Amino acid sequence: MKIIVCYKIVPSDQGIEVNHDRTLKLSESEVELSPFDVNAIEAAVQLAAAAGGAELIGLTANGSCVENTKMRKAALSRGLNSGYAVKADGLGQADAAVTADVLAKAVEKIGEYDLILCGEGSGDLYNQQVGGLLGIMLGIPTVNAVSKLWLEDGQLMAERTLENGAEVLKIQGPAVISVTSDINIPRIPSMKDILGAGKKPFVVWELSELMSEPQTKAERLSIAAPEHTERANILVDYAADGGLTEIFGDIAKLL
Amino acid sequence: MKNIWVIANRADSIKELCSGALTLGVQPTLVYSGDRKWAVGASKAYYLGKSDDISAVEIAAQAAALAAENGAEIVLCDTTKDGRVFASYAAMALDAAVVSDAMDIKLTSDGAETARMVYGGSAIERERIARGAICCCAGTFECGQLPDAVTIEDVSANMSDAVSLVKKQEKQASSVNLAAAKKVIVVGRGIGGEENMPLVKELAELIGAEIGCTRPVAEELQIMPRECYIGVSGVIVSPDVLISIGASGQVQHTVGTAQAGTIIAINSDKNALIFKNCDYGIVGDLKVVLPEFISMIKAKK
């Protein structure tokens with residue numbers, strides 16, 4: 001079995017600064033693996049174990065951070081056998097359709113596969129659409145919200161957790177599965193895993209090796225921090241100020 | 001006039017999205033599964049059958065094709081897991097954009113402009129699309145009184161062979177309507193556990209408020225259903241009064257409460273972020289503050 005796991009490198013909380021004009025300054029170095037994708041990698045590792053072994057391939061697309069050694073090791077140390085990255089300026093901020101298009105081209109270049117796993121959504125833009133669009137672009141089934149994934153007589157089974165219940169699906173042939181963040185508790189890689197990850201094959205493709213410039217269908221007008229709503233900020237300390245009497249009169253009028 | 005479609009499989013979503021289309025000035029066409037009686041507000045509705053034996057994954061391609069073949073320009077979906085599936089297929093069928101978790105939608109002469117939260121609520125992204133599928137956060141539109149759908153056409157669902165439903169369990173849908181509530185109580189992780197919920201429920205009943213929560217309460221403590229989660233990719237509320245109990249006030253949550261009229265916050269940590277983002281703040285233990293608050297309200301009534 002061959003499983004491709006898609007993951008994204010996203011700015012960590014320290015990597016996002018708000019400029020004076022409320023626009024954002026994103027660091028290329030203060031980055032981390034999108035937490036949701038760590039669950040996808042772990043799901044692949046667990047499925048491989050259940051299947052008696054599988055080849056696990058990582059796939060990511062972004063700007064120059066795809067070559068960040070720490071990020072490469074962060075992904076590969078979690079159990080992937082090898083990795084591919086597509087690199088182009090601005091890919092990290094691309095919309096879901098462009099990201100899915102780029103990943104689809106990369107998947108086709110990688111070749112044969114049995115399954116593609118994605119996280120629920122990326123930790124930064126969190127569209128929760130890439131897995132769905134990728135499957136449709138590749139012409140294969142795509143299932144989201146998967147909280148349990150297993151093999152039954154060699155057949156792939158998935159449990160979806162929905163807002164109003166749950167369902168179990170039987171899936172034929174290659175598919176894209178987007179897993180939830182509660183499908184597993186990802187293991188923490190050991191020092192040996194991290195050192196070993198440095199020796200695993202990792203190929204970086206320039207976007208131009210896969211396709212001409214992808215066309216976005218949505219025009220981004222702005223990304224800016226929300227305006228702060230001014231609030232009265234009247235504070236009382238229950239113990240020190242002797243209870244609620246001081247402000248209760250004001251509050252009671254509202255209730 | 002724009003050709004707007006709604007694809008959904010929940011009664012509350014159908015109502016809000018069709019209401020939304022009407023707010024935008026267009027009577028929509030609806031594609032739905034679930035109870036046949038759910039069709040409201042649409043000029044025409046295509047009914048794909050009961051939900052209990054259909055997964056959205058099985059019918060999404062067909063629903064999207066119906067919209068695309070009939071010239072849909074904008075397809076509105078909800079932000080549930082199934083809503084996202086419908087939106088993926090609709091966007092691809094229309095060969096157009098997909099916008100997730102829109103909190104604001106305006107039609108323009110050449111398409112639509114949307115706003116959504118990104119970077120965990122740190123920023124708002126505004127986009128312009130010519131055509132496409134939009135997942136709308138609950139609370140984006142006000143639900144008005146809706147006329148019945150003019151005509152309902154039954155369509156037999158073409159089940160995909162590649163994915164088949166083996167089992168489905170439905171939970172009792174919660175009846176909360178946080179998005180439309182005029183008074184909301186939010187429970188944060190500081191609630192501790194289930195044992196403190198009776199106090200919150202007593203207060204809610206006393207003042208006629210709906211109860212929502214922050215994400216950790218739904219996902220980690222699991223003492224409130226997920227559809228009650230307020231914030232990024234959850235519900236956006238706009239009550240006249242919001243009482244926040246034990247919420248730390250992280251931006252991922254407070255972006256969902258920014259439109260509230262007056263915010264009253266109770267938290268035992270005087271340094272909690274929520275106190276920078278409230279009108280009235282009470283520093284204290286909720287187990288002491290709430291009983292007194294409740295008895296003071298009772299005394300006043």
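Within every chain, numbering begins at 1; the chains are lettered A, B, ... in the order of the sequence lines, protein sequences first and strands thereafter. What you see below is based on every heavy atom in this structure, not just the backbone, and it leaves out hydrogens, waters and symmetry mates. Quick caveat, the model's predicted, so the values are computed rather than measured.
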Residues [X], [Y]: salt bridge by 4.0 Å N-O rule:
X: E125(B); Y: R220(A); result: yes
X: D182(A); Y: R226(B); result: yes
X: K81(B); Y: E167(A); result: no

Counting only heavy atoms not in [X], do more than 12 fall under 6.0 Å of its [atom1]?
X: K2(A); atom1: NZ; answer: yes
X: Q155(A); atom1: CD; answer: yes
X: D89(A); atom1: CG; answer: no
X: N19(A); atom1: CG; answer: yes

Which atoms of [X] approach chain B - backbone, side chain, both or neither, heavy atom under 4.5 Å:
X: I16(A); result: side chain
X: L26(A); result: side chain
X: A97(A); result: neither
X: T161(A); result: backbone
X: E17(A); result: neither
X: R160(A); result: side chain
X: M157(A); result: side chain
X: E120(A); result: side chain
X: L169(A); result: both

Approximate separation, where rounding is to 0.5 Å, of [X] [atom1] and [Y] [atom2]:
X: I263(B); Y: R231(A); atom1: CD1; atom2: CZ; result: 3.5 Å
X: L244(A); Y: F293(B); atom1: CG; atom2: CZ; result: 7.0 Å
X: C135(B); Y: Q129(A); atom1: SG; atom2: CD; result: 5.5 Å
X: C278(B); Y: L235(A); atom1: SG; atom2: CG; result: 5.5 Å
X: Q93(A); Y: Y119(B); atom1: CD; atom2: OH; result: 4.5 Å
X: F248(A); Y: E292(B); atom1: CZ; atom2: CD; result: 9.0 Å

Could you tell me which of [options] has the largest number of non-hydrogen atom pairs under 4.5 Å with chain A?
options: T79(B), T80(B), I129(B), V85(B); result: T80(B)
options: K300(B), M296(B), Q169(B); result: M296(B)
options: N277(B), T262(B), L206(B), D161(B); result: N277(B)
options: K270(B), E127(B), R131(B); result: E127(B)
options: G121(B), S122(B), A209(B), S51(B); result: S122(B)
options: M92(B), K168(B), R126(B), E219(B); result: R126(B)

What part of [X] lies closer than 4.5 angstrom to a heavy atom of chain A: side chain, backbone, both or neither?
X: K183(B); value: side chain
X: K276(B); value: backbone
X: D82(B); value: both
X: I207(B); value: side chain
X: E113(B); value: side chain
X: V288(B); value: both
X: I297(B); value: both
X: D285(B); value: neither
X: A260(B); value: both
X: V241(B); value: side chain
X: I243(B); value: side chain

Looking only at heavy atoms, what is the nearest atom pair of [X] and [Y], with distance?
X: G284(B); Y: Y238(A); answer: CA-CB, 4.1 Å
X: K217(A); Y: D95(B); answer: CE-OD1, 3.1 Å
X: F275(B); Y: N233(A); answer: O-OD1, 2.9 Å
X: I124(B); Y: P226(A); answer: CD1-CB, 3.7 Å

Exactly one of L133(A), T142(A), N144(A) clears side-chain contact (heavy atoms from CB on, under 4.5 Å) with S88(B), and that residue is L133(A)

Option in [options] with maximal non-hydrogen atom pairs under 4.5 Å from chain B:
options: A166(A), G132(A), A225(A); value: A166(A)
options: L162(A), N127(A), T23(A), T229(A); value: N127(A)
options: A239(A), A100(A), S222(A), G121(A); value: S222(A)
options: L255(A), D241(A), V143(A), V10(A); value: L255(A)
options: I251(A), V18(A), T216(A), D95(A); value: I251(A)
options: T245(A), L24(A), T180(A), I140(A); value: L24(A)

Min side-chain heavy-atom separation V236(A)-V283(B) under 4.5 Å =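 Not touching, per the 4.5 Å side-chain cut-off.
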
Any side-chain heavy-atom pair from R10(B) and E163(A) closer than 4.5 angstrom?
-> yes

So, does D279(B) use its side chain to make a donor-acceptor pair with the main chain of A232(A) at under 3.5 Å?
->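 Answer holds: yes.
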
